[in-house]
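Comments concern the structure below.
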2 protein chains.
Amino acid sequence: MGVTIKDVAKAANVAPSTVSRVLADSSRISADTKKRVRRAMKELGYHPNVNARSLANRSTQAFGIVMKSSADKALQNPFFPEVLRGISSIAHQLDYSLYISTGETEDEVLESVQRMVYGNRVDGILLLYSMVNDRVMNFLFERKFPFIVIGKPCEHMDSITHVDNDNVTASKEITNRLIDLGHERIAFIGGDEDLVVTVDRKRGYQLALQESGMLLLEEYSVHTEFLKSGGREAVHELFNLPDPPTGLVIVDDLMSIGVVTMLEELGKQVPRDVSIVSFNNIHMSEIARPSLTTVDIHIYELGRQAAKCLIEKMQDESVPTKRIIVPYNIKDRQSTQAREETLL
Amino acid sequence: MGVTIKDVAKAANVAPSTVSRVLADSSRISADTKKRVRRAMKELGYHPNVNARSLANRSTQAFGIVMKSSADKALQNPFFPEVLRGISSIAHQLDYSLYISTGETEDEVLESVQRMVYGNRVDGILLLYSMVNDRVMNFLFERKFPFIVIGKPCEHMDSITHVDNDNVTASKEITNRLIDLGHERIAFIGGDEDLVVTVDRKRGYQLALQESGMLLLEEYSVHTEFLKSGGREAVHELFNLPDPPTGLVIVDDLMSIGVVTMLEELGKQVPRDVSIVSFNNIHMSEIARPSLTTVDIHIYELGRQAAKCLIEKMQDESVPTKRIIVPYNIKDRQSTQAREETLL
DNA sequence: ATGAAAGCGCTAACAA
DNA sequence: TTGTTAGCGCTTTCAT
């Protein structure tokens, strides 16, 4: 079907190996021959066959992208497309291709990753999440397959290159926004407790409270995948406490938007009755009402950095383990207001 | 590095071709041999090399997924992850892998697609959008490369298999919701006019108005990629008209949420002052305030159907062109109310 | 600076 | 039912 290297060789009156060298832009081919060969390639409409090349090379120019199993609706979160944009900006520039994991359940995702690895489909893998005891990560780690984590690996942190934000500090800082505004009853709403990002953000929240001499109330920490049915009840419970919170630290903008709605059902307004801060600065958080005070974690940049690290690692296994912390910054918007005002 | 078919052959005391046949589960291998070979594969930890297989086979078990250039923020739209879920549910089940296009600009996306095609990386391609004069589509069409469109191709409709909703009818029906509620000044807010989906939905809107004997006002049709800066102005203009609309048909839930916010800036409430209907039924539309009356187009199903068609086509080029219409249904929620109430 | 030839791991005639 | 052999298209020594 296709034009092969041989056809080009014939047309340019050289050996196939020469054509191959021209392809690689080898320095030991005369400029003249290169020109001739290149012209032949153009004329015949030649395009190298990636599979053949991978086979001879044992290197695909591709890497795999693994997201959490799509069963949980986390995927609905714009985090994913945005990080993908970052990744592909680098991938495209360096002529790498992207493979993407499939699978609804954890098992299926693992299978899918194994196919990538064993089948030699990719030279490296990007993990778009980090959770405790993750089988995909363990698998990759044990096989010593090149991979990078976006987020903080909970094990072998020093031997797994990863790209992350300083979530603890960010969370502390944004919690302090609430404290500075005079809030004294501040609750935390997180998602899946197995996700390291949840753990870190909760930690920052706790640190902030402690440093201000505030108590950590057990019942002020709620974990719920709010997109599922349980979320609504959890929020209702929280606000049925004798001393309901006036400030909320929520791990994700999307969750915040949901919570705002739930609060309204309870007759509470944001920020009048409750102030909310959250994370990610998804586009929506600017558009929502009220617009959300949130931590911009620079998702796009997380993707770019991770892709860079991975490519580096794929090209040279011996590159040392890295830990890249992408800076965050806080967007002050309208979901927060001083507690004093509330009391007036 | 890896265990090859030869190693397995040696271990099982058969010829490599036998192993290959076992891999394909050929019917002309004795159950006994199969068992022996399979055991050897297990013991040695054998996994086939996909590249070698593709090369010998001229068939990768993969297909490419092309989205609009990520430059426009359309990607932030949950449509993408959701359709991807649908696609991968089928892909995984049938052991197909997914390749994903990269590129910020239209040029880059085309390049990326050409790499997929020419490089033999994929056996078929799924186009996740449809726009007029799309170079990617033209390229695929001219090369007679197997591909499926999600949406309605604007050219060669009868020779390109596609999966779509009946957007015209859906739009007509949802516009009628507004008309039935007594609204008489109904405007349309669409996105990129090059997208066929925008065109269809606008058409349905127009039909509904006409059939009710209402006038089509030029100034009642706004096209704006609201995520960009111009959106706000466009909406403001619309409501600064001498006779501002009381009903809005908006092509996308995400846009609706933005518009709700903008209206609020103008001192208008939804649905009290303005009723809104839109499309897609993204998860957010249930959570937003007000929750959105919208057309559920079954994004997940669009993905599944498209993936099925593509695989069918990849396996048998001669399968006839198809046109699959995924049914929609309308979710009545709180962004609409009767015009009469407004007048009280 | 270029060519010849072996081989990457697998499949698919063709034989047996 | 199984083995032999010749590629798939490219890269890469090793010669020249």
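So you know, we letter chains A, B, ... as the sequences are listed, proteins then strands, and number each from 1.
Residue A:Lys34 qualifies as enclosed at atom NZ: its count of foreign heavy atoms under 6.0 Å is above 12.
Salt bridge A:Lys144/A:Glu317: absent, no basic N to carboxylate O contact under 4.0 Å. At a threshold of 4.0 Å, the pair B:Arg38-B:Asp25 counts as salt-bridged, since one of the basic side-chain nitrogens sits closer than that to a carboxylate oxygen. A salt bridge does not link B:Asp158 to B:Arg323: none of the charged side-chain nitrogens sits closer than 4.0 Å to a carboxylate oxygen.
Rounded to whole Å, the distance from NZ on B:Lys35 to P on D:dT1 is 15 Å. Separating the CD1 atom of A:Ile29 from the P atom of D:dT12 is a distance of 13 Å, rounded to the nearest angstrom. Residue B:Asp25 contributes atom CG, which lies 15 Å from atom C1' of D:dT1 at whole-angstrom precision. Taking atom CZ on A:Arg53 and atom C1' on C:dC10, their separation rounds to 20 Å, with Å as the unit. For the pair B:Lys6 NZ and C:dC10 P, the computed distance is 10 Å after rounding to whole Å. In this structure, CG of B:Asn49 is placed 10 Å from P of C:dT11, rounded to the nearest angstrom. For A:Tyr46 and D:dG9, the OH to C1' distance is 7 Å, given to the nearest whole Å. Between the CE atom of A:Met41 and the P atom of D:dC10 there is a distance of 11 Å, rounded to whole Å.
Close to D:dT2, at under 4.0 Å from its OP1 or OP2, lies no side-chain N or O of B:Thr18. Close to C:dG9, at under 4.0 Å from its OP1 or OP2, lies no side-chain N or O of A:Tyr118. Contact annotation: A:Asn57 reaches the phosphate of D:dT12 (side-chain N/O to OP1 or OP2, under 4.0 Å).
Residues B:Arg21 and B:Leu55 both approach DNA chain D. Their nearest nucleotides, taken by heavy-atom distance, put B:Arg21 toward the 5′ side.
Donor-acceptor pairing under 3.5 Å, judged by distance alone, is present between the side chain of A:Ser17 and the base of C:dA4. Residue-to-nucleotide contacts include no donor-acceptor pair under 3.5 Å from the side chain of B:Arg36 to the base of D:dT1.
With contacts defined as side-chain heavy-atom distances shorter than 4.5 Å, the pair B:Gln305/B:Ile150 does not qualify.
Among the nucleotides C:dC10, D:dT11, D:dG9, the one closest to any side-chain atom of B:Thr4 is C:dC10. Side chain of B:Thr33, nearest nucleotide from C:dA5, D:dG9, D:dT1: D:dT1. Here the side chain of B:Val14 is nearest to one of D:dG3, D:dG9, C:dT11, namely D:dG3. Nearest nucleotide to the side chain of B:Ala56, out of C:dG9, D:dT4, D:dC10: C:dG9. Closest to the side chain of A:Arg28, from the set C:dA1, C:dC10, D:dT11, is C:dA1.
Remark: B:Glu111 engages A:His92 in a side-chain hydrogen bond (donor to acceptor under 3.5 Å, both in side chains) (not counting sequence neighbours).
Overall, the helix from C:dA1-D:dT16 to C:dA16-D:dT1 carries an axis bend of 30° between its ends, with five pairs at each end and the value rounded to 10°.
In this structure, B:Tyr99 has its ring center closer than 6.0 angstrom to the ring center of A:Tyr99. Under the 6.0 Å cut-off for aromatic ring centres, B:Phe145 and B:Tyr118 do not qualify, their centroids lying 6.0 Å or more apart.
Among the heavy atoms of the strands lying under 4.0 Å from A:Ser30 are primed sugar atoms or P, OP1, OP2 only; no base atom is included.
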